[in-house]
There are 2 protein chains.
Amino acid sequence: MKPSVGIRDVAQHAGVSNATVSNVLNRPDVVAPATRQRVLAAIAELGFVRNESARQLRAGRSRVIAYVVLDAANPFFTDVARGVEDAAREAGLALFLCNSASDDGREREYLELLHEQRVEGILITPVDGDSARFTERGTPLVLVDRASTDGTRCSVAVDDVLGGELAVTHLIEAGHTRIAMIGGPLSIQQVRDRHSGALRALANAGLPADALTFLETKGLQVAEGRGAGERLVGLPSSRRPTAAFCANDLLALGLLQSMTQQGLRVPDDLAVVGYDDIEFAAAAAVPLTSVRQPREQLGRTAAQLLLSENEPDHEHRHVKFQPELVVRASSAVKR
Amino acid sequence: MKPSVGIRDVAQHAGVSNATVSNVLNRPDVVAPATRQRVLAAIAELGFVRNESARQLRAGRSRVIAYVVLDAANPFFTDVARGVEDAAREAGLALFLCNSASDDGREREYLELLHEQRVEGILITPVDGDSARFTERGTPLVLVDRASTDGTRCSVAVDDVLGGELAVTHLIEAGHTRIAMIGGPLSIQQVRDRHSGALRALANAGLPADALTFLETKGLQVAEGRGAGERLVGLPSSRRPTAAFCANDLLALGLLQSMTQQGLRVPDDLAVVGYDDIEFAAAAAVPLTSVRQPREQLGRTAAQLLLSENEPDHEHRHVKFQPELVVRASSAVKR
DNA sequence: CTCAGGCGTTAAAACGTTTCAACATCGAGG
DNA sequence: CCTCGATGTTGAAACGTTTTAACGCCTGAG
């Protein structure tokens, strides 16, 4: 490891003061072209790399925002992240992605670290609904895909209750009267909201609440969907639902696999509706009906809100988008 | 924004020196229990958050490694990242994910920033084959999914030439003699290697090199696969390939969609083989034959190599894994 | 010839930690 | 009673930047 060449070494090597080197780095226009060249040459020659810690310590600014996602392997979040990144780089900021993997502890650790790093701002899709745990620590923080209950911070969300309602109303209209909802854990706000929406759909249609069987899963990954599929098929056929609403597309894809594997047909034996409308939903074995969310826009808006946090007259806003049902083969009407 | 409470404020509030506060933070065992409690109380009361910049500046250590991925939306890379993160947290380090999105400029910016941040180490799947551009800058760096040509750094890779060979040999054995390879841009090393492998397979089988039609794409996303599908179908049927080997699964899924949409059947009208064997490959409209890579292990190994970089007697290693063909319906033998 | 003002450069003071040698305090062993 | 070691605590010096006010120099106007 090199003996760490600093700004003073560069200065000495170029025969100027360290302040001049700093100026070359930060306000190149203020220093005379000849001097600038000399300094740049010295920088190149010594292989100087500016120490961001020192810079940040003195300047007080960081050039980074972070997005803590619930599951980096879920394309939904990477799409949101794309929106975030686009907005961030327009503002000259870099984006660091952190994966909480739906784990409480990891989330806490990342938040702690990010606060300590004094990043310019934090975006987070929290594991837990209880957003009160993010005590104010001086770093702007915006909730993504989750409405802030109290008014203490900005949030960007999609109406998940409506989304659940759209999905289940669609299934009811297709003639289903025994419907499963698959998702979990219930500690995740989105799952609860989509469930509420499903119940509301039943109520609207005058169906009893027990027309909906809730199958709770431990997570929202494909494997959990497969597991749920087995549980579903294990039910006595008199009680077995004829349609399933999954809390996200990963579950739905897993469910689909499980059905095929057990020799059942979708949508004939079981209609399936997913949530998020990730790109892979349309490419699935049976193209998946799904509830689409404005993913990139969600991220972009969240980032913009975050960036507006340190405007003098900022007041917290809560943006809520509308979801949209995309009907495909997996829920085609029986005939 | 708070007037930024520092370690000295805490010290004063607890009636101790700042050195003691620092000790409470870093070596809690060395300070008397009573004092420790008092300091912790002060920390809680004032809402003190340690300034990582200052800490890092003084201590010289960071607690973070970063992984610069080629495409965060590609499940292959998030799976690799999972392996990386597992290994990193075992070593007490956090992982920041950066997305170069196959863009030269972004990649350079992130690398620059990470060097300046003095992260503990950098993992990268580079956009460009020419790894010489990563001039040594004092931060350990290992290449992921890309062999290092010179011996100047560690790398972890999978034998892409072999992978291409496996895929195309499989197609040849299934009776295909006009095969397309879809992928690009050719600036990406993996694409070139998989192509070489494909050519080798032809040679092994005694087929002429023009049995392989190379369709270059601008990227490796699903949309590019759809585009390639249209180009493929646009070919005069006498020359149209009966099988396609895609440089990754995203392309293959796009191709699949495009075929269905144009009323062609897979594998009857076109057999398809993908690469990576991402989770969605098995759930596709036609379950996808694919070349599987040890994704998590790739990441885990890369992280371990990175961590070993600052051992005194470190010498650079190049680990190469073997890919494996997974046959599914998309390439079923014609009968 | 003098002087105001612009321009380029600089010395020195922060920024908030960690670390190290030195310093009290105290109980035990001689 | 003195010494010694152990135990806790502390003052002050880094770490490598950015920033500010001041400085010297030069030019052109008076």
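The analysis underlying the following values was restricted to heavy atoms, covering all of them including side chains, and did not include hydrogens, waters or symmetry mates. Remember, predicted model here, so these are calculated numbers, not experimental data. Chain naming here is simple, since letters A, B, ... match the order of the sequence lines and numbering starts at 1 in each.
- For the pair Ile124(B)/Glu107(B), a side-chain contact is recorded, criterion being any heavy-atom separation below 4.5 Å from C-beta on.
- Contacts between residues 13-21 of chain B and DNA chain C, defined by a heavy-atom separation below 4.0 Å, involve Ala19(B), listed by number.
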Test side chain to side chain contact (heavy atoms under 4.5 Å, CB included) applied to Tyr67(B) and Cys98(B), step by step:
CA-CA 6 Å; Tyr67(B) 177 22; Cys98(B) 304; over 6 Å; no
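- Distance Arg27(B) CZ to dT17(C) C1': 12 Å, rounded to the nearest Å.
- Distances shorter than 4.0 Å separate none of the side-chain N or O atoms of Ser53(A) from OP1 or OP2 on dG16(D).
- Distances shorter than 4.0 Å separate some side-chain N or O of Arg50(B) from OP1 or OP2 on dT18(C).
- For the pair Ile7(A) CD1 and dT10(C) P, the computed distance is 12 Å after rounding to whole Å.
- Distance CD (Gln12(B)) to P (dG11(D)): 12 Å, rounded to an integer number of Å.
- Atom CG of Asn51(A) is separated from atom P of dA14(D) by 18 Å (rounded to the nearest Å).
- DNA chain D is contacted by Leu57(B), Arg58(B) of residues 54-66 of chain B, taking any non-hydrogen atom closer than 4.0 Å.
- At least one side-chain heavy atom of Arg146(B) sits under 4.5 Å from a side-chain heavy atom of Pro126(B).
- Residue Phe76(A) is tested with Val69(A), Asp71(A), Leu70(A), Leu298(A) for a side-chain contact (heavy atoms from CB on, under 4.5 Å); the sole match is Leu298(A).
- Salt-bridge formation is detected for the pair Glu116(A)/Arg63(B): a Lys NZ or Arg NE/NH1/NH2 atom is positioned less than 4.0 Å from an Asp or Glu carboxylate oxygen.
- Each of dT9(C), dT19(C), dT17(C) was ranked by its minimum atom distance to the side chain of Thr35(A); first place goes to dT9(C).
- Side-chain polar atoms of Gln297(B) and Arg300(B) form no donor-acceptor pair below 3.5 angstrom.
- Remark: Arg38(A) CZ is packed, more than 12 non-hydrogen atoms of other residues, nucleotides or ligands lying under 6.0 Å away.
- As rounded to whole Å, 11 Å separates atom P of dC15(C) from atom CG of Asp9(B).
- For Asn26(A) and dG8(C), the CG to C1' distance is 16 Å, given to the nearest whole Å.
- Taking 4.5 Å as the limit, some side-chain heavy atom of Leu220(B) sits within range of a side-chain heavy atom of Val191(B).
- With dG16(C), dT9(D), dT18(C) as the candidates, the nucleotide lying closest to the side chain of Ala32(B) is dT9(D).
- One can place CZ of Arg36(B) at 14 Å from C1' of dT7(D), the figure rounded to the nearest angstrom.
- Atom CG of Leu25(A) and atom C1' of dT19(D) are 14 Å apart (whole Å).
- Tested against Ile122(B), the residues Leu306(B), Leu143(B), Leu114(B), Val142(B) include a single side-chain contact (heavy atoms from CB on, under 4.5 Å) partner, Leu114(B).
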